[in-house]
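Numbering of residues begins at 1 and proceeds along the displayed sequence. Just so you know, ligand 1 is whichever comes first in the structure, and atom 1 is the first atom listed for that ligand.
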Amino acid sequence: MVKQHFDIVVIGAGPAGIECAKMLADNGKQVLLIDKNIGGSYCFAGSVVSNLLLHISYLYERSVNKASNFINVEYDKSPSFDFKKAKKYIDGVTSKLVKDFQDDLEESGVQIIRGTAVFEDANTFRVTDDKQSFLIGFSKAVIATGSNNMGANVPSTKKLLDSTNIFELTAAPKSVIVVGGGFIGTEFATFFRRIGSTVTIIEKTEKVLATIDRQVVKDYEDQMKKNGVEIVKGVSVERIEKVGNKTIVFLSNDTKLESEEVFLSIGRKPNMGRLSVDAAGIKLCEKGFPKLTKNLRTTNRNVYVVGDCTGINMFVNWAYMSADMVANDILERSKIISADYCPRILHLDPEIAAVGLSEDKAKEQGIECKVIRHTFKNFEKAIMSGTLKGFIKIIYDDSTKKILGCHAIGSGAADLVTTFSMMIQSKISLNKLEDFVFNHPTFSGVLADIAGKVK
Ligand SMILES: Cc1cc2nc3c(=O)[nH]c(=O)nc-3n(C[C@H](O)[C@H](O)[C@H](O)COP(=O)(O)OP(=O)(O)OC[C@H]3O[C@@H](n4cnc5c(N)ncnc54)[C@H](O)[C@@H]3O)c2cc1C
Ligand SMILES: NC(=O)c1ccc[n+]([C@@H]2O[C@H](COP(=O)([O-])OP(=O)(O)OC[C@H]3O[C@@H](n4cnc5c(N)ncnc54)[C@H](O)[C@@H]3O)[C@@H](O)[C@H]2O)c1
């Protein structure tokens with residue numbers, strides 16, 4: 001028997017589920033949110049953990065290398081990275097974020113059940129909490145169950161590291177092999193290098209960071225090489241074995257490598273498998289992604305999907321954008337936002353950011369595009385900050401001057417890309433750049449120089 005019925009039931013309390021639940025409750029709907037914890041993998045194993053590790057490893061490296069010429073530092077013992085202290089610091093930040101989420105949900109009047117849900121039928125969930133299992137009915141449901149890593153694709157007799165178990169480490173490993181040169185792989189390679197590990201990235205394709213412009217990636221690879229990180233491309237990891245104290249990584253070219261630890265980051269897939277979606281008439285495609293309409297409705301018209309588990313994009317900005325789209329659709333206020341507008345940022349050495357198409361992708365799509373590549377070399381803010389390396393590349397339609405993409409590497413890359421992201425979304429063409437005034441001295445001041453290059 002159904003215990004209670006709600007207008008809307010949202011499954012999963014990461015940023016996508018929380019945003020959607022809040023918006024709907026703020027607009028008068030009776031909303032139930034179900035998850036074991038508030039905050040999602042976002043808080044406990046995703047963006048928050050990864051960006052905080054990058055931040056503190058940056059501070060660690062700078063202090064160990066006595067990075068400033070203006071500070072005298074003397075150590076009586078050689079410094080080491082302390083995982084326990086790092087975890088304590090990160091837990092502090094996470095608790096604050098979770099508390100803010102909880103307060104916001106309470107203020108909006110969203111009801112919460114701490115548990116997990118699976119579909120019982122097309123309008124009902126079976127919910128299991130600490131004590132019992134019961135049925136909850138819904139008029140509309142939103143799946144916001146996030147994603148998990150594809151670890152099972154690489155057989156291993158050794159427990160591999162990933163973003164969920166990183167704090168089981170007690171000290172920086174001497175050597176780490178990072179399997180997969182995507183977003184997570186390059187970020188954790190940066191983290192391990194900064195805390196003193198010898199790092200090798202193994203990437204099965206011929207290019208790391210598949211969606212980032214080729215020239216930006218080349219610059220990144222050159223920099224990583226200088227930093228002592230080896231990147232092996234065009235070979236995949238087939239299996240991993242623990243032999244005594246060693247870990248052996250077997251590669252597709254019949255060679256093997258050895259390291260103390262292995263970090264696995266070979267992609268993520270939507271958390272749909274354990275929801276019994278069949279019972280609700282929700283169809284998945286071959287890769288396990290839900291079949292969706294452009295307003296993110298599933299094959300069950302009363303059930304929507306938001307965030308990572310759409311399989312369309314796996315970024316925090318997409319979690320919020322997709323939640324906004326779905327909440328508006330449920331409120332009968334159509335709002336379709338293109339996922340192509342999501343800017344991306346990677347806090348690597350150096351920083352990388354991008355929005356829209358790369359030059360290769362634009363050409364693949366048969367677009368007659370032009371490219372402006374502008375280096376930071378003679379740029380005042382870069383000279384003042386001592387960060388002369390880096391460039392920005394703008395890809396635009398030759399006939400309309402419509403901006404197709406912007407990819408940048410170096411300090412300030414994210415802020416520069418944000419400007420172009422706003423121009424793309426507002427459909428402002430590149431030749432309008434000369435009408436804007438920029439602050440001085442800032443990294444975005446470089447845009448004034450770029451304006452002069454538009455032909
Ligand atoms: C290591 C790492 C670093 C990242 N760094 C960045 C970054 O720098 N920038 C960026 O934009 N993105 C980053 N991401 C991606 C970002 O974290 C995700 O895009 C974001 O968390 C997705 O939010 P979500 O709400 O869709 O899912 P999640 O945050 O994963 O939340 C999903 C929730 O659903 C719950 N759930 C699952 N199944 C059920 C069920 N049956 N019943 C009830 N609840 C359920 C889970 O417990 C979880 O709490 C990173 C991801 C990883 C793994
Ligand atoms: N800064 C950010 O915005 C950020 C940071 C981290 C994660 N994320 C999100 O999380 C998603 C998942 O990240 P990810 O790095 O796991 O996936 P990814 O798709 O970005 O990269 C996975 C890489 O692993 C490679 N690979 C797959 N199997 C392999 C094998 N057997 N051997 C060697 N290489 C192999 C793939 O070719 C690919 O390059 C990203 O796509 C992104 O959306 C975003």
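- The distance from ligand 2 to the heavy atoms of T205 drops below 4.0 Å at these ligand atoms: 37 (O).
- Atoms of ligand 1 found under 4.0 Å from any heavy atom of G115, numbered from 1 in the order shown, are 43 (C).
- The ligand atoms of ligand 1 that sit less than 4.0 angstrom from a heavy atom of L275 are 41 (N).
- The shortest heavy-atom distance from S50 to ligand 2 is not under 4.0 Å.
- The nearest protein atom to atom 33 (C) of ligand 1, hydrogens excluded, is given as D35 OD2, 3.4 Å; this is a heavy-atom distance.
- For ligand 1, the atoms lying closer than 4.0 Å to a non-hydrogen atom of Y42 are 21 (O), 29 (O).
- For the ligand labelled ligand 2, residue E187 lies inside the 4.0 Å heavy-atom shell.
- The distance from ligand 1 to the heavy atoms of T116 drops below 4.0 Å at these ligand atoms: 42 (N), 43 (C).
- Listed by number with element, the atoms of ligand 2 under 4.0 Å from a non-hydrogen atom of R268 are 12 (C).
- For ligand 2, the polar-atom distance check finds an N/O of F183 within less than 3.5 Å of one of the ligand's N/O atoms.
- Residue F315 has no nitrogen or oxygen atom sitting less than 3.5 Å from a nitrogen or oxygen atom of ligand 2, judged on distance alone.
- Ligand 2 places these atoms under 4.0 Å from at least one heavy atom of I202: 33 (C), 34 (N).
- The parts of S47 lying near ligand 1 are both backbone and side chain, judged by heavy-atom distances below 4.0 Å.
- Each of the atoms 32 (N), 33 (C) of ligand 2 lies under 4.0 Å from some heavy atom of V179.
- Of the heavy atoms in I345, only backbone atoms (N, CA, C, O) come closer than 4.0 Å to ligand 2.
- Below 3.5 Å of separation, one finds no N or O of V154 facing any N or O of ligand 2.
- Among all protein heavy atoms, the one lying closest to atom 42 (C) of ligand 2 is M314 O, 3.4 Å.
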